[in-house]
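Since the model is a prediction, treat every value here as computed from it, not as a measurement.
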Amino acid sequence: MAIGYACITLGVYQTTLHRIMAKNVTEDKLREITKQNLEALEKMIDFNRENEISLFRISSDVIPFASHPLNAQRWWEEHQEQFHRIGDKIAASGMRVSMHPGQYTLLNSPHPEVVERGIEDLIYHERFLTALKTNRSSKLILHVGGIYGDKSTAIERFIYNYNRLSDPIKSRLVLENDERCYGIEEVYNLGKAVGAPVVFDVLHHHINPSQKERTVKEWIHLCSQTWGEKDGVPKIHYSQQQLGGRIGAHSQTIAIKEFLNFYTSLEGIPIDIMLEVKDKNLSAIKCSYVIQAHKILKKSLEKEWARYKYLVLSQSATIYQQMRQLMKRYPEDAVKTFYTLVEQAQVLPLDRGACQNAGLHIWGYFKNICTESEKKNFHIKLERFAEGKTKYESVKNYLWKMAEKYEQTYLLNAYYFINDKTQSQ
DNA sequence: CACCGTCAAGTCGCA
DNA sequence: TGCGACTTGACGGTG
């Protein structure tokens, strides 16, 4: 039973994936970005290991233009050493990694060239997971695709092209219900027909339910049976609706209460849960800690507190104090209370006073080591923010640059610096 | 340095 | 018939 997150690790230094635009592509730049992105991936894997996250979706963007004619490099050979090192870390920690080709990867398009590009993309993803020396429980998740005016023909085309795929690809492919075209019943039947396991996506199912009267738990149970022994623990996707967002938009964070209701309703069906949520690793750690609260060491929650504290302080000094006291007393239900307080802080509106206060606290790291002009610059920026003349981002950006310059590792891994305009308005 | 338009790909739905 | 949404934040050009 593992809980994981997808593609991006927030608030962890140098885990950004880099890109290049088609018009700027050169051999050297592709090579450089590939190397850099593999280094970033390694740092994400390190973070997951250090925080006991054993389920992770690797971004398709690690290799730029991976399945595009612009990139003819044999990256899996050129960067073999990096792949092996990352793969060893994954294996050593018992982490399960997956990949999820995007919305442009289609097996059932009526346009042959679209299908061929789709197959190329699957070859890329399979090659990536194999370069990491993962076994076939490392999955490639795929949607069925479009309807093109005639669903049954579209499904036939899917089956036809699925059967053209190589065995290594087929042994990794898993099908997922989507929010528009193919509901779980159709995907389940299709999975049965081609012999592919099925991932049940809770939010997609909610938006695009199948006709047949079955409960979520029954569907999850049925889908579990499509997973063979070598496919690993059956997996589902879980996300929550962003309030006020487009239907199907993923929420900023996973609300613990709602998650626990869902989790309890499963009554211990053995599954892995991939969270699809904007705050990524933050929710993955939160959810996995909350469902096994009694097993969580104080040390682990202290690590979380270290990452959250300035973010909380910038939202509310009161909640910050409550959490400080909580960590001091550390009562029986500390884990759940901790995240409940974090959630309370997250929904508060922007409070310039609290932001200013947090800025000053962080400035404490620099006030005795900085130059006069840095000191002056900071106070000007903070002042301008307090007067409502600039965004908090400009203060944060400045503090970030200072943290980098003076190598304040503690700050470089603080959630305070996560760029997210929606989080603090 | 701050700001903002653009981005490799396919399909669907709407004007 | 053509364009925006989907999703997303980094890139990269401009002032």
Within the structure, does a side-chain N or O atom of [X] lie under 4.0 Å from either OP1 or OP2 of [N]?
{"X": "A:Ser67", "N": "B:dA9", "result": "no"}
{"X": "A:Lys29", "N": "C:dG12", "result": "no"}
{"X": "A:Tyr148", "N": "B:dT11", "result": "yes"}

Of the listed nucleotides [options], the one nearest the side chain of [X]:
{"X": "A:Arg180", "options": "C:dC6, B:dG13, B:dA2", "result": "B:dG13"}
{"X": "A:Ile20", "options": "C:dG12, B:dG10, B:dA2", "result": "C:dG12"}
{"X": "A:Tyr104", "options": "B:dT11, B:dC7, B:dA9", "result": "B:dA9"}
{"X": "A:Gln103", "options": "B:dA8, B:dC12, C:dC6", "result": "C:dC6"}
{"X": "A:Arg117", "options": "C:dC11, B:dT11, B:dA9", "result": "B:dA9"}
{"X": "A:Lys278", "options": "B:dA2, C:dT8, C:dC11", "result": "C:dT8"}
{"X": "A:Ile147", "options": "B:dC12, B:dA2, C:dC11", "result": "B:dC12"}
{"X": "A:His18", "options": "B:dA2, C:dA10, B:dA8", "result": "C:dA10"}
{"X": "A:Thr16", "options": "C:dG12, B:dG10, C:dA10", "result": "C:dA10"}

### Query
Mapping A:Ser394 and A:Gly145 to their closest nucleotides on DNA chain B, which lands nearer the 5' end?
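Mapping each residue to its closest nucleotide by heavy atoms, the 5'-most match is A:Ser394.
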When the distance from [atom1] of [X] to [atom2] of [N] is rounded to whole Å, what number comes out?
{"X": "A:Lys151", "N": "B:dT11", "atom1": "NZ", "atom2": "P", "result": "16 Å"}
{"X": "A:Lys23", "N": "B:dA8", "atom1": "NZ", "atom2": "C1'", "result": "13 Å"}
{"X": "A:Asn37", "N": "C:dC11", "atom1": "CG", "atom2": "P", "result": "9 Å"}
{"X": "A:Ile33", "N": "C:dA10", "atom1": "CD1", "atom2": "P", "result": "13 Å"}

### Task
Quick one: label A:Asn24 by what it contacts on the DNA or RNA (base, sugar-phosphate, nothing), any heavy atom closer than 4.0 Å.
sugar-phosphate
### Task
Provide the closest heavy-atom pair for A:Leu350 versus A:Cys355 in the form atom of the first, atom of the second, distance.
CD1-SG, 3.8 Å
### Message
Between A:Tyr398 and A:Glu374, does the side chain to side chain donor-acceptor pair (under 3.5 Å) criterion hold? Intermediate values first, please.
### Response
CA-CA 9 Å; A:Tyr398 194 75; A:Glu374 283 167 348; 5.4 Å; no
### Query
Does C:dA5 have a Watson-Crick or wobble partner in any strand here, with both distances under 3.5 angstrom, and which is it?
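Across any shown strand, C:dA5 pairs with B:dT11.
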